[in-house]
Amino acid sequence: MAGGWLDRSRIVAPAGWNRWLVPPAALSVHLAIGQAYAWSVFKPPLEEALGLSGTQSALPFQFGIVMLGLSAAFGGTLVERNGPRWAMFVSAVCFSSGFLISALGVLTEQFWLVVLGYGCVGGIGLGIGYISPVSTLIKWFPDRPGMATGIAIMGFGGGALIASPWSSEMLDAFGTDTDGIATAFAVHGAVYAVFMSLGVWLVRVPADPSPSAAAMARLSAGTAAIRVSASTAIRTPQFWCLWVVLCCNVTAGIGILEKAAPMIQDFFADTDAPVSAAAAAGFVALLSLANMSGRIVWSSTSDLVGRKNIYRLYLGAGALLYLTLALAGDAAKPLFIVAALLLLSFYGGGFATIPAYLRDLFGTYQVGAIHGRLLTAWSVAGVLGPLIVNAIADSQESAGRTGPDLYALSFVVMIALLVIGFVANELVRPVAARHYEPQPGPEAAQEPKEAAR
């Protein structure tokens, strides 16, 4: 149990506390840990300074996403027990320490320290930080949980919008040798520690966390009647269909995102208008904006058209966009940029829509715990996406190919994965009533604690 200043009892909001002070606390954490989406800015200088391949330089990012999924899936109990201030503090310490360990690794030319620091230690900070404000915001905004969680998740998607140009400027200022990269990592660690401390200080929990009668009245009668436990959900085909859907959608998006800066430079290297490093960093920032916007736009659209239909768009249109990129090659730079932006908006929208999809199928009873378990699909995708793109690009480069030929085969693999995800989405059906938990009696005014985990 966390004690002292970090204890949950120390952050119970007094009467009259303005709940709109809590979203900035969530954003201070999610905008920081969203830096993970700007990792591709560091790939080229790391590869040159330490003699790494594209596959090797992706390892810190891959481990970070793996640890994010695992710590989010298995850390929910600790977050609920100790409270959001404790969780945000742990996130800040791990995420900032990850950068400092990475700085030491680059300075001593020990790449395994970069993987350990950014990937493992920092990845734990990613996962704990990802789930801590989301849970708190749901409690503060039971009348608008989708909007509340959207705020935080949008911040995570938009973190690279700040981090990408900032990181690029630091590398320009400090240099791209080992000393310069190490200094940039150290500055990241120090600045993010201060920035995330704002959330640690500002976050509060409501005195009465149970949903209000008005909020409960907003739930549809059909959804309110569905009560599936997390232990039961993972034994249903619906859960595993959605696991495949999320894994395929994330793999397709994260493959571009992790290698975005070098990808656009490689794609147009042999044209009359090659892409500079600064322009590539700007492209990463645009992708971050698309990722962030998609989390609001597409998830809101799903309320109108339905979850299955919106995933048909993510997966079906995504496959067509990859096909367009494979066929067009380097013929049109605007086409490449627009297609990549749409793909990243689908990637972000998939994250924001999946909690609502889970709620539609399994109800609100233990949807938080179910969501945490589903995020293991993100861990798998965090390995698959970069591995597919980097390994194929490295092999094609070894064979003497350049430009779009480096990525054509990986685009075909992404198309196949999106088709698999599309089929899995089509197989989703309502959960059978035999899996429902009994309805609570009038005395059960609150959901079990497990429901929030």
Side-chain angles (χ1 to χ4, degrees), residues 28-68 71 88-129 156 159-160 162-200 258-262 277-278 280-281 284-285 288 382 386:
S28 73
V29 172
H30 270 231
L31 283 172
I33 63 178
Q35 183 280 335
Y37 285 140
W39 174 253
S40 64
V41 175
F42 288 107
K43 281 173 63 67
L46 277 173
E47 289 168 15
E48 183 175 350
L50 300 181
L52 306 173
S53 67
T55 302
Q56 290 172 320
S57 66
L59 286 175
F61 176 82
Q62 289 175 292
F63 272 87
I65 297 301
V66 168
M67 294 306 297
L68 186 159
S71 56
M88 289 180 177
F89 177 78
V90 170
S91 174
V93 169
C94 290
F95 190 64
S96 299
S97 298
F99 273 108
L100 299 180
I101 296 170
S102 297
L104 178 63
V106 174
L107 198 61
T108 59
E109 298 188 15
Q110 298 293 317
F111 183 61
W112 69 270
L113 279 174
V114 181
V115 177
L116 173 67
Y118 190 92
C120 297
V121 177
I124 293 172
L126 287 177
I128 298 299
F156 186 83
I162 298 170
S164 180
W166 180 47
S167 300
S168 181
E169 287 294 326
M170 274 198 287
L171 290 172
D172 288 341
F174 301 138
T176 56
D177 58 1
T178 53
D179 288 346
I181 298 170
T183 303
F185 278 156
V187 171
H188 273 75
V191 172
Y192 280 134
V194 174
F195 190 67
M196 294 173 78
S197 294
L198 173 65
V200 176
E258 185 273 338
K259 200 174 172 66
V284 175
S288 177

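Side chains included, hydrogens not; waters and symmetry mates left out as well; all remaining heavy atoms used.
- Between the CG atom in L46 and the CD atom in Q56 there is a gap of 11.0 Å [rounded to 0.5 Å].
- The CE atom of M170 lies 12.0 Å from the CD1 atom of I181; values are rounded to the nearest 0.5 Å.
- Annotation: side chain of S40 is not in contact with side chain of F61 (no heavy-atom distance under 4.5 Å).
- Side-chain N or O atoms of S71 include one that pairs as donor or acceptor with a backbone N or O of L68 at under 3.5 Å.
- In this structure, a donor-acceptor pair under 3.5 Å is present between the side chains of S57 and K43.
- Here the OG1-CD distance, from T176 to E47, works out to 12.5 Å after rounding to the nearest 0.5 Å.
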Yes or no on side-chain contact (heavy atoms from CB on, under 4.5 Å) for I33 and S91, after CA distance, side-chain angles and deciding distance? CA-CA 9 Å; I33 63 178; S91 174; 4.1 Å; yes
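- Ring to ring, H188 and F42 are close: their centroids are under 6.0 angstrom apart.
- Each of V284, V41, V187 was evaluated against S167; a single residue qualifies, V41, per the side-chain contact (heavy atoms from CB on, under 4.5 Å) test.
- Side-chain atoms of D179 and L107, non-hydrogen and from C-beta on, do get closer than 4.5 Å to each other.
- Atoms CG and CG, from D177 and L171 in turn, are 10.0 Å apart once rounded to the nearest 0.5 Å.
- Here M88 contributes atom CE and I128 contributes atom CD1; the two are 12.0 Å apart, rounded to the nearest 0.5 Å.
- Note: F185 and F99 have tilted aromatic rings, judged against thresholds of 30 and 60 degrees for the angle between ring planes.
- Heavy-atom contacts from other residues, nucleotides or ligands closer than 6.0 Å to OH of Y192 number more than 12.
- The side-chain hydrogen bond (donor to acceptor under 3.5 Å, both in side chains) analysis of residues 105-119, with sequence neighbours excluded, yields the pairs Q35-Y118, Q110-W112.
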